[in-house]
Amino acid sequence: MHPHYAAIYRAVRGVPRGRVATYGQIALLCGLPGRARQVGYALHALPAGSPVPWQRVLNVRGDISLGHESGQRQRRLLAAEGVEFDERGRVDLGRFQWKPRRMRSL
DNA sequence: GCCAGGGCGCTAA
DNA sequence: ATTAGCGCCCTGG
């Protein structure tokens, strides 16, 4: 497992229920600016049933970056915690994006 | 080791 | 709003 994965998982665990974060945002929060893609890898590597809420991480456009199968699963999980999707399958980041104080003060 | 392709994102046009 | 180009770096062949 890659050394940075632990930090990434820690950051993702900080995203509260009913809110979402972006890949780039998570990267920034764990001190890996510009490495959004690595966040995607870390989440992809998660075992089933881990405590990490991977479903709360979306791309910067507010939509789901996965294929149909996993995408449906992710969308269902988010909808179950109150996150709304528009008809184009997108989340309004202005309303649902998580904004930790540590980040607002950057 | 090289190469191509990813759960990405920023900037410029 | 969309597209193209580039940077990032991990994985699989």
Side-chain angles (χ1 to χ4, degrees):
Chain A
M1 159 168 294
H2 196 96
H4 288 138
Y5 283 11
I8 291 169
Y9 298 149
R10 189 159 53 248
V12 174
R13 274 199 307 276
V15 183
R17 208 169 172 288
R19 312 237 80 198
V20 298
T22 68
Y23 294 98
Q25 179 185 4
I26 295 298
L28 201 57
L29 283 171
C30 30
L32 302 168
R35 305 184 191 179
R37 194 147 219 171
Q38 206 172 343
V39 173
Y41 269 102
L43 298 185
H44 186 73
L46 280 172
S50 84
V52 180
W54 58 271
Q55 72 275 18
R56 308 210 258 243
V57 185
L58 302 176
N59 64 32
V60 75
R61 294 175 355 197
D63 61 23
I64 289 175
S65 302
L66 285 73
H68 187 70
E69 321 265 304
S70 328
Q72 275 301 354
R73 189 158 57 250
Q74 179 172 18
R75 178 166 175 160
R76 176 178 57 72
L77 288 168
L78 284 177
E81 44 185 78
V83 175
E84 299 169 23
F85 288 80
D86 65 15
E87 51 292 327
R88 277 164 48 196
R90 289 188 13 195
V91 171
D92 181 354
L93 292 180
R95 290 204 293 151
F96 293 100
Q97 183 172 22
W98 175 52
K99 293 174 180 162
R101 186 160 26 174
R102 180 157 129 247
M103 192 170 239
R104 284 177 285 209
S105 58
L106 284 176

Q: Begin with the C-alpha distance, continue with both residues' side-chain angles, and end with the deciding distance and a verdict on side chain to side chain contact (heavy atoms under 4.5 Å, CB included) for A/Leu78 and A/Phe96.
A: CA-CA 11 Å; A/Leu78 284 177; A/Phe96 293 100; over 6 Å; no

Q | P-based separation of C/dG5 from B/dG7 [nearest Å] | A |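 Taking atom P in both B/dG7 and C/dG5, they lie 22 Å apart.
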
Q | Side-chain donor/acceptor of A/Gln55 to backbone N/O of A/Arg76, under 3.5 Å | A | no

Q) Does any N or O in the side chain of A/Arg102 come within less than 3.5 Å of the main-chain N or O of A/Leu29, such that one atom is a donor and the other an acceptor? A)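 Yes: the side chain of A/Arg102 pairs with the backbone of A/Leu29.
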
Q) Going 5' to 3' along DNA chain B, which nucleotides are the first and last within contact of chain A (any atom under 4.0 Å from a heavy atom)? A)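 Extent of the interface on DNA chain B: B/dG5 to B/dC10.
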
Could you check whether any side-chain heavy atom of [X] comes within less than 4.5 Å of a side-chain heavy atom of [Y], counting everything from C-beta outward?
{"X": "A/Met103", "Y": "A/Trp98", "answer": "no"}
{"X": "A/Asp63", "Y": "A/Leu58", "answer": "no"}
{"X": "A/Ile8", "Y": "A/Tyr41", "answer": "no"}
{"X": "A/Ser65", "Y": "A/Tyr23", "answer": "yes"}
{"X": "A/Arg17", "Y": "A/Pro53", "answer": "no"}

Could you list all N or O pairs between the protein and nucleotides 2-6 of chain C that sit under 3.5 Å apart?
none

Q: Taking ring-ring contact (aromatic ring centres under 6.0 Å, His included) as the test, write out the residues that go with A/His44, two or more places apart.
A: none

**Q.** Non-hydrogen atoms of A/Thr22 and A/Val60 that approach each other most closely
**A.**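 The answer is CG2-CA, 4.0 Å.
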
Q) Residues from residues 34-72 of chain A sitting under 4.0 Å of DNA chain C, heavy atoms only? A)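 DNA chain C contact set from residues 34-72 of chain A: A/Gly34, A/Arg35, A/Arg37, A/Gln38, A/Tyr41.
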
Q) How does DNA chain B look in dot-bracket notation if pairs are Watson-Crick or G-U with both distances under 3.5 Å, crossing ones as [ ], other-strand ones as |? A) .|||||.||||||

Q. Can you tell me how far CZ of A/Arg35 sits from NE2 of A/His4, rounded to the nearest 0.5 angstrom?
A. 6.0 Å

Q: Would you mind listing every side chain to side chain donor-acceptor pair (under 3.5 Å) that reaches into residues 83-92 of chain A, with sequence neighbours excluded?
A: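 Pairs touching residues 83-92 of chain A that pass the test: A/Glu84-A/Arg95.
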
